[in-house]
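Report on the following structure.
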Amino acid sequence: MSATDFSDQFRTCQTTGLKVHRPAQRLIWINAVSAVVFLLIGGVMAILIALTKWQAIHLLEQDLFYRFVTAHGTNMLVFWIVFFEMAGLIFGSAVVLGSRFPGIAFGWFNWGLMITGAVMVNVMMFTGKADVMFTAYPPLKAHPLFYLGIILFAVGALLYCFQFLYALVIAKKEGWHKGSLPLFTFGLLTAAIIAIWTLLSGAIAFVPTFLWSLPKTIIPDGSFLRINQVDPEFFRIAFWGFGHSAQQINLAATVAIWYLLAHLTTGAKPVNQKMCRIAFVLYLLGINLGSVHHNLVDPGLSATYRIFNTSYLFYAAVIGSLIHAFSLPAAVETAQRSKGLTRGLFEWLTKAPWSHPGFSGFALSFVIFGFLGGVTGVILSVEQLNMVSHNTLRVPGHFHMTVVGGTTLAFMALTYYVIPLVLQRKLIGEKLAVYQTYIFAVGITIVSAGMTFAGIMGAPRRHYDIEMSNAVFQFPYATAIKPMLSLVGIGAIIAATGLFIFIGIAVLSVFFGEKIEPKVEKHVPPHAAGAA
Amino acid sequence: MSDNKEKMHAPGSLVLALIFLAWFALVYFTQWIALMKNWVVY
Amino acid sequence: MSDSNDGVSLGQKMMDNIFFLLAIGIAFPGIFYFAWGLLEIFLFNNKQLSDYLIQTGQFGGK
Amino acid sequence: MPLETPEKWYKPFNREERIWMAIILVWGFIMFLMMPLGHLGKQNVSSETYKTTPDEFRKTADKFIEKYQVRDKDGKRVFRKGIAVVEAPEKEKGDAFLVARSWQYYPILVLRKNKTYRIHMSSLDLQHGFSLQPQNLNFQLLPYYDFVITMSPTETGTSYLICNEYCGYVSKVQAHDTMIGQIIVKE
């Protein structure tokens with residue numbers, strides 16, 4: 001196919017000079033909008049759950065509480081995050097490389113699979129046919145359509161990942177781009193590879209479970225498709241290859257987005273590209289071994305297996321993160337110092353653009369993800385220490401710092417750039433966006449701190465009633481546990497305020513913001529064979 | 001390499017990173033000490 | 001691929017190869033986490049409780 | 001910049017990068033060593049597991065309760081809230097059994113301080129989370145897997161077993177959050 005066929009499908013971004021493939025832009029739009037819809041659903045669930053955890057309010061009834069925890073977990077951890085990441089993959093390949101995105105119709109088909117799956121899962125959850133939590137551990141059984149929905153969603157996302165890889169190949173082959181991938185795209189590439197592993201694991205976990213959940217009227221006894229029992233530990237291993245690796249996609253994508261945000265806000269350039277890229281490769285090697293965190297106190301596994309895997313391959317992936325922990329601020333510092341902010345050790349930091357949502361979002365999510373989420377995560381995943389933390393509220397405490405305070409906040413900050421630059425609408429309420437990042441960061445830190453300390457005192461996760469008032473025995477928990485749980489409620493109100501401000505800004509801007517007229521320019525592959 | 005190239009580019013970041021590592025180690029070993037007070041299990 | 005690759009070090013070439021990265025990104029967790037994990041639960045720790053009870057002579061072996 | 005790449009970027013580290021890399025490699029190595037070294041300590045996760053079935057495990061546990069249930073002065077079997085109270089045998093004399101099912105742990109084990117016990121645990125139906133409070137020791141219990149934990153209480157008193165893995169909801173009093181058991185430690 002001749003690459004010149006696509007030359008009139010491009011526009012030039014007036015701010016950055018990037019060449020944007022306009023059909024790809026619409027794919028980014030639909031994925032980002034879908035992401036925000038599920039974020040909204042998850043956000044409403046979040047506040048209802050948190051107000052139930054707050055023992056003095058104890059808002060929901062038991063069954064609704066468990067149903068909404070399921071819906072909150074699935075919508076936030078899977079649908080919001082993965083839809084946004086798919087938007088990110090298209091942005092990182094086509095837009096950043098100034099390339100065409102191959103297979104636009106295929107892209108829409110993949111989105112169709114994902115949205116069908118996501119809607120199916122949500123219908124099943126909210127009609128009470130899948131009160132099985134995000135983890136859906138068999139023998140706890142949900143409606144077959146719940147599993148089918150997850151499989152459809154995973155297949156759609158998996159195809160998107162392969163399409164992303166194909167887009168990278170096409171960009172080089174047709175000459176849209178030359179040389180190494182930009183660091184941002186490289187980071188997204190590691191995220192996409194982690195995603196491929198994630199979604200394969202998801203298929204291994206959920207396909208047998210789906211067959212097992214089908215009634216005998218559909219798959220009779222004796223059929224080779226009949227599965228009477230899913231081994232619970234097999235499911236746990238396969239599921240966490242999906243469930244936790246899905247969060248490692250966030251990690252790689254978030255780090256890539258930090259490099260981009262640092263660059264957009266302060267002009268930071270990675271000091272040493274080799275160091276940053278090695279850190280990403282270390283993620284590929286080690287990070288998905290860490291899925292065993294969830295199985296550290298499970299029966300059937302040896303200490304050697306546990307230690308080797310929970311150490312992420314001798315802490316290779318942690319070393320990767322620690323490299324970023326230095327190289328990201330170093331990039332910002334170098335850029336700031338070159339602007340003359342050289343006094344003392346920290347003038348570069350105090351005079352950073354803190355009133356810029358891109359920078360404040362980046363810096364806050366960096367601190368929350370690294371200082372709080374990363375440290376608690378590594379500690380939870382020590383084989384012996386997991387005994388005093390497995391399935392306590394410390395676990396949600398940890399991943400609210402990483403996924404919410406880290407990834408979600410970074411995604412929010414990026415959205416404030418994506419809306420004008422890619423979706424071509426002026427931001428409505430730009431000033432509010434600055435406050436939004438701080439409100440959200442403070443709220444989610446309070447939530448996570450409350451959860452972590454309650455968990456240290458033994459509060460279980462996914463538990464309706466710390467007073468055990470309906471049980472035969474009442475265990476007298478430490479009195480300090482209730483104030484901690486009320487912190488969860490208070491923090492959730494603050495964080496949800498920030499979240500709803502974000503959704504308000506995003507939705508208003510995308511649908512009613514002032515249109516930025518596209519500058520349509522012909523664009524041909526600059527490095528194609530035979531090109532001037 | 002020349003001396004000029006060997007000077008610190010980002011001393012502030014190195015200090016920040018070291019503070020981070022100190023906090024990491026502190027929390028990490030606190031947890032081990034807390035675990036040692038528990039029942040004997042193996 | 002292109003002719004301008006001369007003088008580019010091996011490390012850079014490896015990290016520029018997306019299929020190499022894909023291979024290690026699937027192989028490492030696939031072998032160490034998943035395959036090894038399945039071996040653990042289905043082969044290495046496969047002794048029956050009843051066999052153990054017979055061995056230790058508890059509860060009439062059954 | 002993240003959006004542009006020099007043609008050749010595979011370059012040596014500078015000074016502070018070398019310092020930082022050396023520090024974090026050492027720290028990673030220390031953290032890795034802590035886990036094998038931890039196995040010299042007294043708090044470790046058991047690797048002892050047997051395959052079982054819910055039926056087999058329930059029958060074995062019933063035999064165990066039959067043999068070791070506590071009796072009062074009149075020789076009557078002791079129950080607490082309908083759950084059998086069992087004096088667990090020490091490690092040398094035999095194994096103890098603990099059953100998790102929706103939504104109960106049984107029996108109630110009576111242990112002695114500083115004595116060592118081998119406790120077999122399994123679930124009869126769904127996955128359950130063994131969570132010993134206030135000690136805050138947590139293990140995952142699965143059906144078809146018999147998990148053997150060797151433990152030795154270091155303090156007396158009544159401890160509670162709550163379930164920290166979601167195990168379903170049927171009614172207000174038959175739900176995950178009503179699942180609770182006890183372990184009593186005597187001098």
Side-chain angles (χ1 to χ4, degrees), chain A residues 62-63 66 96 131 133 137 139-140 179-184 231-233 259-260 263 269-275 296-303 306-307 311 314-315 318-319 322-323 326 378 382-384 387-392 458 460-465 468 470-473 475 478, chain D residues 1-7 9-11 13-14 16-17 20-21 24-25 27-28 31-32 34-36 38-39 41 43-45 47 49 81 125-127 129 131 133-134 136-140 142-147 160 162-169 172-173 175-180 182:
Chain A
Q62 263 160 309
D63 52 342
Y66 292 124
V96 169
D131 294 343
M133 300 289 135
Y137 293 136
L140 202 58
S180 302
L181 293 172
L183 184 62
F184 173 65
D231 186 281
E233 185 58 25
Y259 279 108
L260 181 69
H263 173 72
K269 297 171 187 179
V271 179
N272 188 331
Q273 292 249 355
K274 178 173 84 170
M275 184 147 150
L296 285 178
V297 294
D298 284 8
L301 304 173
S302 69
R306 288 191 187 119
I307 291 177
S311 72
F314 307 107
Y315 284 105
V318 175
I319 288 167
L322 287 170
I323 290 176
F326 170 72
V378 171
V382 174
E383 191 204 12
Q384 289 89 345
M387 277 192 295
V388 290
S389 52
H390 177 75
N391 272 352
T392 66
R461 70 189 287 198
R462 295 164 166 181
H463 199 279
Y464 172 70
D465 185 9
M468 313 284 299
N470 295 324
V472 287
F473 303 115
F475 167 61
Chain D
M1 84 180 197
L3 300 185
E4 263 168 29
T5 313
E7 208 163 294
W9 44 261
Y10 205 85
K11 291 185 179 140
F13 298 139
N14 68 23
E16 68 242 40
E17 284 161 354
W20 181 242
M21 288 293 282
I24 60 180
L25 281 170
W27 174 235
M31 284 200 299
F32 182 77
M34 280 307 286
M35 283 192 279
H39 276 265
Q43 286 83 18
N44 278 295
V45 187
S47 314
T49 309
K81 301 254 184 184
D125 37 44
L126 304 174
Q127 303 200 7
S131 180
Q133 301 294 345
N136 201 8
L137 279 176
N138 305 280
F139 298 99
Q140 188 79 24
L142 313 177
Y144 305 97
Y145 286 80
D146 167 27
F147 202 6
Y160 290 79
I162 59 171
C163 176
N164 63 11
E165 186 60 75
Y166 176 68
C167 53
Y169 165 87
K172 223 176 173 58
V173 291
H176 163 54
D177 48 274
T178 66
M179 181 161 170
I180 193 165
Q182 282 185 334

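Model, not experiment: these values are computed from the prediction. Throughout, protein chains are lettered first and strands after them, A, B, ... in sequence-line order, and every chain is numbered starting at 1.
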Checklist entry - Side chain, backbone, both or neither: which part of A:Tyr66 has a heavy atom under 4.5 Å from chain D? => result side chain

Checklist entry - Should D:Leu142 and D:Phe147 count as side-chain neighbours, where that means a heavy-atom distance under 4.5 Å? => result no

Checklist outcome for this item: Highest number of heavy-atom pairs under 4.5 Å with chain D among A:Ile319, A:Asp63, A:Val382 belongs to A:Asp63

Item to check | D:Phe139, part contacting chain A, at a heavy-atom distance under 4.5 Å | outcome: both

Next on the checklist: Between D:Leu126 and chain A, with a heavy-atom cut-off of 4.5 Å, which part of the residue counts as in contact: side chain, backbone, both or neither?
Outcome noted: both

Item to check | Interface residue of largest heavy-atom contact number with chain A, from D:Gln43, D:Met179, D:Glu165, under 4.5 Å | outcome: D:Glu165

Next on the checklist: Measuring only between side-chain heavy atoms, which start at C-beta, is A:Ile307 closer than 4.5 Å to D:Phe32?
Outcome noted: yes

Next on the checklist: Test of understanding: with salt bridge (charged side-chain N to carboxylate O under 4.0 Å, His left out), list the residues that count as partners of D:Asp177, not counting sequence neighbours.
Outcome noted: none

Checklist entry - Picking from D:Asn136, D:Thr49, D:Thr178, D:Ile24, which has the most non-hydrogen pairs under 4.5 angstrom with chain A? => result D:Asn136

Checklist entry - Checking heavy atoms, do the side chain of A:Val318, its backbone, both or neither come under 4.5 Å from chain D? => result side chain

Next on the checklist: What verdict does the side-chain contact (heavy atoms from CB on, under 4.5 Å) test give for D:Cys163 and D:His176, after you've listed the backbone C-alpha separation in whole Å, the side-chain angles of each residue and the deciding distance to 0.1 Å?
Outcome noted: CA-CA 7 Å; D:Cys163 176; D:His176 163 54; 3.7 Å; yes

Next on the checklist: Is the shortest side-chain heavy-atom distance between D:His39 and A:Glu383 below 4.5 Å?
Outcome noted: yes

Item to check | Under 4.5 Å from any heavy atom of chain A - which part of D:Lys172 | outcome: both

Item to check | Residues forming a side-chain hydrogen bond (donor to acceptor under 3.5 Å, both in side chains) with D:Asp125, sequence neighbours excluded | outcome: D:Ser102, D:His128

Next on the checklist: Can you tell me which of D:Leu25, D:Asn44, D:Val173 forms the most heavy-atom pairs within a distance under 4.5 Å of chain A?
Outcome noted: D:Asn44

Next on the checklist: Can you classify the ring geometry of D:Trp20 versus A:Phe326 as parallel (below 30°), tilted (30 to 60°) or perpendicular (above 60°)?
Outcome noted: tilted

Checklist entry - Does the side-chain contact (heavy atoms from CB on, under 4.5 Å) test come out yes or no for A:Gln62 and A:Asn470, once each step is laid out? => result CA-CA 11 Å; A:Gln62 263 160 309; A:Asn470 295 324; 3.7 Å; yes

Checklist entry - Any idea which of D:Gly168, D:Ala175, D:Ser131, D:Pro143 has the most non-hydrogen atom pairs under 4.5 angstrom with chain A? => result D:Pro143

Next on the checklist: Which atoms of D:Tyr169 are under 4.5 Å from chain A, going by heavy atoms: the side chain, the backbone, both sets, or neither?
Outcome noted: side chain

